[in-house]
Amino acid sequence: MSSRQFEQADSAHDPSQSVALMQLGLVCVAIGVLTWASNLYFQNKSKKAKKEESDEEPVDLQMTEPQNTTVRNRKNKKSNAAKAATKQAGQLKFDHEDVVGLLKQSGQVLDFSFSTNGKYLVSIGEDRSVIMWSTKEFDMKGTRNTVKGRVDLDNPITVDFAPDSRSIAIGLELTSSVKIMKVAKKDDSSEVTLQDAVELPKILENDLLKASISPSQTYIMICDDVENIYVLDLKGNVLGKVDSKTGGAIRQCEVSPCGRFVAYCGKDKVELPVFEIDFSSTNVFRGIKKAMILKGHSRPIASFAFSLDAASMATVGTDNCWRVHSIDVRYKDQEEPKCIASGTFQGLDGDAAKCFLSFNGKLLGIYDENSLQLTCVTTGEVLVSYSGLASHTPIVKCLTDNLSKHVVVAVGKGMVVLRNKYQHKATIEWLKQELQKSGSPQMKVRLQQQLDEEQQKLEALEPKEEEEE
């Protein structure tokens, strides 16, 4: 070897370099150990935090009132108290014997309506959903068949079925107009869908309160929350305007089930005017005339309702009184409506009270945000009172179907379906009274037959309740 090669070999075995390499290796090992220990520590901490969260009672979001759901992943965790309050809010209770089912929605229910034939119910939610339900499946357990649609670019606030059950009128919040949706079948398919048909021209300058299609399918009624009530043709053209300038801001406006009348109550009005929407036999519009006025309350009327046969109307006032009037009168001959029953209601907020009538006008429902009472019109007796259907969530609307077999209560993200045996009880009381007043033997026989039929229907419901209990 040359001297240069010997120098390189000696430098390769330099002990100072070996020590440096060993020190470097130890440092790398130490860094690796520290990194592994740090990762293990944070993994254990994360698992422990997840375990603590899983041990907490889960929040039932399915039946809770939405609370700012647009922001789902918050950086700051809620306290235990806030989680408990969220869980408590809006939960429906099923502990009453009359509850037969629940119609669930993803968003809070804003309004619902029955079809004229009683086969369907349509509801709208704050998530802009439109859902059509079959009333035959009210008592069914499990998943129900539904037809779903959606309102785009606006918020639905009211809904109403057309008389033919093939169209739905939806009142829109942002534009204060009305959208018509069609119930149709897909091409080459038996599947039913909800499709946008037309949006009527904007008429109202103020916020829309109600939109309804007349049962005669000759006009559409729209009103705002101030003083304007319009009658439109089916294309959205204005036919006439109801004189509603007195009585303060409009609280409620409805079309009668026969389509002949439109009535409204104002926040300062103690009387209820009823207007006739006059059409010829060939459906030519002839005008709007005041037909009658319902009187008797000492304070403003809070709500009113027509019976399905349009023979009677109910009013509830902020004076905590209710009255049922017969409107089957010759109003064109100046005959005034007759008050056939009246009474008071307790345990409800008169200022927020609303009402509905059964199909024959023998059962009166009065409700506020927290409770519902069903009252026999004939005797004035409260047959049943429902309270606490949902904690911390107000009742939005209550209504019966066309035969009053069920009472549907919209509250939170669902609609509670109640079996309505009280319709039979109220009808039985009325038939007993009519049987005592009747002097005709033939009429007594007929009334007794009807009474026996109602009692059989009532008895048919009682065993079912006992079995469920």
Side-chain angles (χ1 to χ4, degrees), residues 212 214-216 218-219 221 229 231 239-247 250-266 269-317 319 321-343 355-364 375-380 426-427 429-431 433-440 443 446-447:
S212 296
S214 71
S216 55
T218 52
Y219 67 90
M221 183 278 296
I229 304 173
V231 174
L239 296 176
K241 185 177 180 181
V242 175
D243 182 12
S244 56
K245 293 184 178 180
T246 59
I250 298 174
R251 187 192 291 261
Q252 182 185 355
C253 186
E254 302 290 343
V255 177
S256 66
C258 63
R260 182 183 298 178
F261 304 115
V262 168
Y264 81 95
C265 62
K269 206 170 186 65
V270 297
E271 298 177 346
L272 183 76
V274 181
F275 294 84
E276 179 190 14
I277 312 301
D278 190 16
F279 281 83
S280 68
S281 58
T282 56
N283 291 332
V284 176
F285 178 73
R286 294 193 297 200
I288 302 173
K289 307 171 185 177
K290 185 175 289 187
M292 63 191 83
I293 300 176
L294 306 186
K295 305 176 182 179
H297 288 278
S298 60
R299 294 187 61 192
I301 295 174
S303 178
F304 68 93
F306 290 92
S307 62
L308 189 62
D309 58 9
S312 56
M313 288 182 67
T315 56
V316 294
D319 53 2
C321 294
W322 61 266
R323 298 172 67 86
V324 176
H325 311 257
S326 172
I327 60 172
D328 188 15
V329 296
R330 298 177 180 176
Y331 58 89
K332 293 184 178 180
D333 296 332
Q334 308 302 317
E335 184 178 355
E336 295 185 356
K338 303 173 183 177
C339 180
I340 56 179
S342 62
C355 68
F356 61 89
L357 274 174
S358 63
F359 77 98
N360 62 0
K362 310 309 177 192
L363 184 70
L364 171 65
T375 301
C376 174
V377 172
T378 303
T379 63
T427 304
E429 293 299 326
W430 175 75
L431 288 171
Q433 184 186 79
E434 293 298 307
L435 193 59
Q436 292 177 354
K437 294 191 303 182
S438 177
S440 170
M443 182 60 71
R446 183 179 176 183
L447 290 172

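Sequence positions, counted from 1, serve as the residue numbers for this chain.
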Between CG of Leu272 and CE of Met313, what distance do you get to the nearest 0.5 Å? 4.5 Å

Do the charged groups of Asp278 and Lys289 touch, with an N to O distance under 4.0 Å? yes

Do you know the tightest heavy-atom contact between Ser212 and Val255? CB-CG2, 3.9 Å

Of Ile327, Leu364, Asn360, Leu357, which is the lone residue that meets side-chain contact (heavy atoms from CB on, under 4.5 Å) with Ser312? Leu357

How many angstroms lie between atom CZ of Arg286 and atom CD of Glu276, to the nearest 0.5 angstrom? 8.0 Å

Heavy-atom neighbours of Arg446 CZ exceed 12 at 6.0 Å: no

Between CE on residue Met292 and NZ on residue Lys332, distance to nearest 0.5 Å: 11.0 Å

Mind listing the closest non-hydrogen atom pair of Glu271 and Ile301 along with its distance? C-CD1, 3.8 Å

Please find the pair of heavy atoms, one from Cys355 and one from Ser303, that lie closest to each other, and give the distance. N-OG, 3.3 Å

For Ser326 and Asp328, which I'm curious about, is there any donor-acceptor pair between the side chains at under 3.5 Å? no

Smallest heavy-atom separation, Ile288 atom then Gly240 atom, equals CD1-C, 3.8 Å

Just by modelled atom types, is the Pro337 backbone N or O under 3.5 Å from a matching donor or acceptor in the Tyr331 side chain? no

Do you know which two heavy atoms are closest between Pro257 and Ser307, and how far apart they sit? CG-O, 3.3 Å

If I compare all heavy atoms of His297 with all of Cys321, which pair ends up nearest, and what's the gap? CE1-O, 3.2 Å

Determine whether Lys269 and Pro300 make a side-chain contact, defined as any pair of heavy atoms from C-beta on separated by less than 4.5 Å. no

Donor-acceptor pair, side chain of Gln252 and main chain of Phe304, under 3.5 angstrom: yes

